[in-house]
Amino acid sequence: MGHPQILLAALLFLTVAARAQTFSPQTSYDAMGGIPQYQAKPNDLSYIGVLGEKWETDKRGRRSSFMHNGVEMSISRGLQGGEAKPQTDTTNQNCPGTLLWEVSKPGVAYKSYLFGTFHEVDADFFATLPVAVARLNDATLLYVEETLALRRDTTHTPETGPWNQEQWETIMNQDQRKVFSAFVAKTGIQKCYRTPPAELNIRLENIYFLFICDKETRTNYDIMDSRIENMARAQSKTVFSLDERHDNLLSREAQTLNSLQNAKYIEADISLMQAMLDNDASGCGVINDYKKFALDYQLDQEAGADGITRLVKRNSTWLKTLALAFQREKCFVAVGVRHLFYKEGLISQLRNRGYRVEPISLR
């Protein structure tokens, strides 16, 4: 799992500097020639993942719990004494063993589909799911969180609030400062100090999942959502964004956090930095759980009071668009799988609007 110093530096620069869109993807890729099984091709790696979401490692080293603004929520329930195993009974609504859900409603002529993505999982994984691919092929519209065109549009990009080394040094403890300093020294990227903790967390998480995890069969570094979008566009399907530009959302949030909230993000930042300094892939278990469909959607539970306010707000905003679209077209909706979880997720909210939302087996 070794990574040359120049590689890690290139990755961090690529991710942190992405918002300014000042880099050449091809040039950045050329600096990554040491990646095993890498295929040089221009791509867009500025995607920041599911906004505000962080993964924490449990005692077995598996990232099977989800942290959002300091609130812990389980993504899967591992079997006692071993790894999480996929459920195969699609009548079990909480653990249906699938990533795909069919949406229908009496009086509506069209069936649509929800697919839960994991943005940084090897994009080739989607092509191994023929049932999901068939539903995408049959749809007339694709909805994603953020289209490639929107992601690259920097016309109205807000400036991130000021952040500097003094602020980082003031809020970090001695141990955290050592890790941060070691990480910057290894990568040579001073931009870490100029990036707010919440934004840096997303950049670091993106790097960790893309370049530390899921490497055995990876031949490229496409984002899964972008791969699905490209597949749809290749068939001349219409693709829409459900969100505004993610960098705008992230920048606004970073400027509203107080010192306690920033401290929580810093804890997560330091954890990710240490993992990458150690070339520690023990936090990659959550990807294995996802690829095994070993997810607990917890549809009978509330998401939590303050921990995922923005996630819930985004879901509610999306529903205004999707509820209308589902009545007019065959739609395929590919969004981060976390948006399908809980009573506040897309599945439960659609059911509350009279839609029938049922799991579809991918096996």
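Just so it is clear, the values below take in all heavy atoms, side chains as well, and ignore hydrogens, waters and symmetry mates.
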Practice task
Given side-chain hydrogen bond (donor to acceptor under 3.5 Å, both in side chains), test E344 with N315 step by step and report yes or no.
Solution key: CA-CA 8 Å; E344 298 88 347; N315 288 347; over 6 Å; no
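- Residues I347 and V108 fall into different hydrophobic clusters, defined by Ile, Leu, Val, Met, Phe, Trp and Tyr side chains chained together at heavy-atom separations under 4.5 Å.
- Not one N or O on the side chain of D296 forms a donor-acceptor pair closer than 3.5 Å with the backbone of C95.
- The two residues L350 and V357 make their nearest non-hydrogen contact at CB-CG2, 3.8 Å.
- Distance check: L299 CG to K343 NZ gives 10.5 Å after rounding to the nearest 0.5 Å.
- Taking both residues in full, the closest heavy atoms of A334 and I228 are given as CB-CD1, 4.0 Å, listed atom of the first, atom of the second, then distance.
- Minimum interatomic distance between Y208 and G283 (heavy atoms only, all atoms of both residues): OH-N, 3.1 Å.
- Atom CZ of R177 has more than 12 heavy atoms from other residues, nucleotides or ligands within 6.0 Å.
- Not one N or O on the side chain of D278 forms a donor-acceptor pair closer than 3.5 Å with the backbone of D280.
- Residue M231 is grouped with residue V121 when hydrophobic side chains (ILVMFWY) are merged at heavy-atom distances under 4.5 angstrom, including chains of intermediate members.
- Checked options Y297, Y355, F332, F115; the residue passing with W101 is Y297 (criterion: ring-ring contact (aromatic ring centres under 6.0 Å, His included)).
- The backbone N or O of I202 sits nowhere less than 3.5 Å from a side-chain atom of E205 that would complete a donor-acceptor pair.
- Side-chain contact between L322 and L242 is present, with at least one heavy-atom pair separated by less than 4.5 Å.
- A donor-acceptor pair is defined here as one N or O able to donate and one able to accept, closer than 3.5 Å; such a pair exists between the side chain of T128 and the backbone of F125.
- With a 4.5 Å cut-off on side-chain heavy atoms, Q165 and V184 do not count as touching.
- Around atom CZ of R233, more than 12 heavy atoms belonging to other residues, nucleotides or ligands sit under 6.0 Å away.
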Handout entry: Intermediate values then yes/no, side chain to side chain contact (heavy atoms under 4.5 Å, CB included), L148 and N230
Key = CA-CA 9 Å; L148 283 164; N230 287 334; 3.6 Å; yes
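- From Y265, atom OH reaches atom CG of L260 across 12.0 Å, with rounding to the nearest 0.5 Å.
- Between the side chain of W168 and the backbone N or O of W163 there is no donor-acceptor pair closer than 3.5 Å.
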Exercise for the section: Would you sort out whether L210 and I223 count as a side chain to side chain contact (heavy atoms under 4.5 Å, CB included), showing the intermediate values? Expected result: CA-CA 9 Å; L210 272 174; I223 295 298; 4.2 Å; yes
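- Under the 4.5 Å side-chain heavy-atom criterion for ILVMFWY residues, a single connected hydrophobic cluster contains both L295 and L362.
- In this structure, the side chains of E229 and D225 stay at 4.5 Å or more apart for every pair of heavy atoms.
- Taking every heavy atom of both residues into account, A123 and M224 meet most closely at CB-CA, 4.0 Å.
- Within a 6.0 Å radius of CD in E169, other residues, nucleotides and ligands contribute more than 12 heavy atoms.
- A donor-acceptor pair under 3.5 Å is formed between the side chain of Q167 and the backbone N or O of N164.
- Counting only heavy atoms from C-beta outward, the side chains of R135 and K330 never approach each other to under 4.5 Å.
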Practice task
Before giving the answer on side chain to side chain contact (heavy atoms under 4.5 Å, CB included), spell out for L204 and M276 the whole-Å C-alpha distance, their side-chain angles and the decisive distance to 0.1 Å.
Solution key: CA-CA 9 Å; L204 293 173; M276 285 187 277; 3.8 Å; yes
Practice task
Report the C-alpha separation of M172 and F180 in whole Å, then their side-chain angles, then the decisive distance to 0.1 Å, and conclude whether the side chain to side chain contact (heavy atoms under 4.5 Å, CB included) test is met.
Solution key: CA-CA 9 Å; M172 289 189 293; F180 199 112; 3.7 Å; yes
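- For the atom pair I360 CD1 and L114 CG, the distance stands at 10.5 Å (nearest 0.5 Å).
- The closest side-chain heavy-atom distance from N220 to D124 is below 4.5 Å.
- Taking the centre and axis of the six-membered ring of F341, the NZ or CZ atom of R338 falls inside the cone set by 45° and 6.0 Å.
- The CG atom of N201 sits 9.5 Å away from the CE atom of M273 when rounded to the nearest 0.5 Å.
- Put simply, the side chain of E166 reaches to within 4.5 Å of the side chain of T170, judged on heavy atoms.
- Side chains of E145 and W318 form a contact here, defined as non-hydrogen atoms less than 4.5 Å apart.
- The side chain to side chain contact (heavy atoms under 4.5 Å, CB included) test with I266 singles out one residue from S259, S271, P197, and that residue is P197.
- For the pair S241 (side chain) and T147 (backbone), a donor-acceptor distance under 3.5 Å is present.
- In this structure, the separation between CD on E102 and CD on E358 is 8.5 Å, given to the nearest 0.5 Å.
- For the atom pair CZ (R203) and CG (L272), the distance works out to 14.0 Å, reported to the nearest 0.5 Å.
- The closest donor-acceptor contact from the side chain of T195 to the backbone of K191 lies under 3.5 Å.
- Between L200 and C192, the shortest heavy-atom distance links the atoms CD2-O, 4.0 Å.
- Residues A127 and V133 share a closest heavy-atom pair of CA-CG2, 4.1 Å.
- Clustering ILVMFWY residues whenever any of their side-chain heavy atoms sit less than 4.5 angstrom apart, transitively, puts V103 in a cluster other than the one holding Y110.
- For NZ of K291, the number of neighbouring non-hydrogen atoms (other residues, nucleotides, ligands) closer than 6.0 Å is greater than 12.
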Problem - F209 and F118: CA distance, side-chain angles, deciding distance, ring-ring contact (aromatic ring centres under 6.0 Å, His included) verdict - result: CA-CA 10 Å; F209 284 132; F118 192 128; 5.3 Å; yes
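- Side-chain contact between F326 and K105 is absent, with no heavy-atom pair separated by less than 4.5 Å.
- Counting only distance, with no hydrogens or angles, the side chain of Q349 and the backbone of L346 share no donor-acceptor pair below 3.5 Å.
- I270 and Y193 fall within the same hydrophobic cluster, defined by Ile, Leu, Val, Met, Phe, Trp and Tyr side-chain heavy atoms under 4.5 Å apart, directly or through other members.
- Formation of a donor-acceptor pair under 3.5 Å by the R314 side chain with backbone atoms of D243 is not found in this model.
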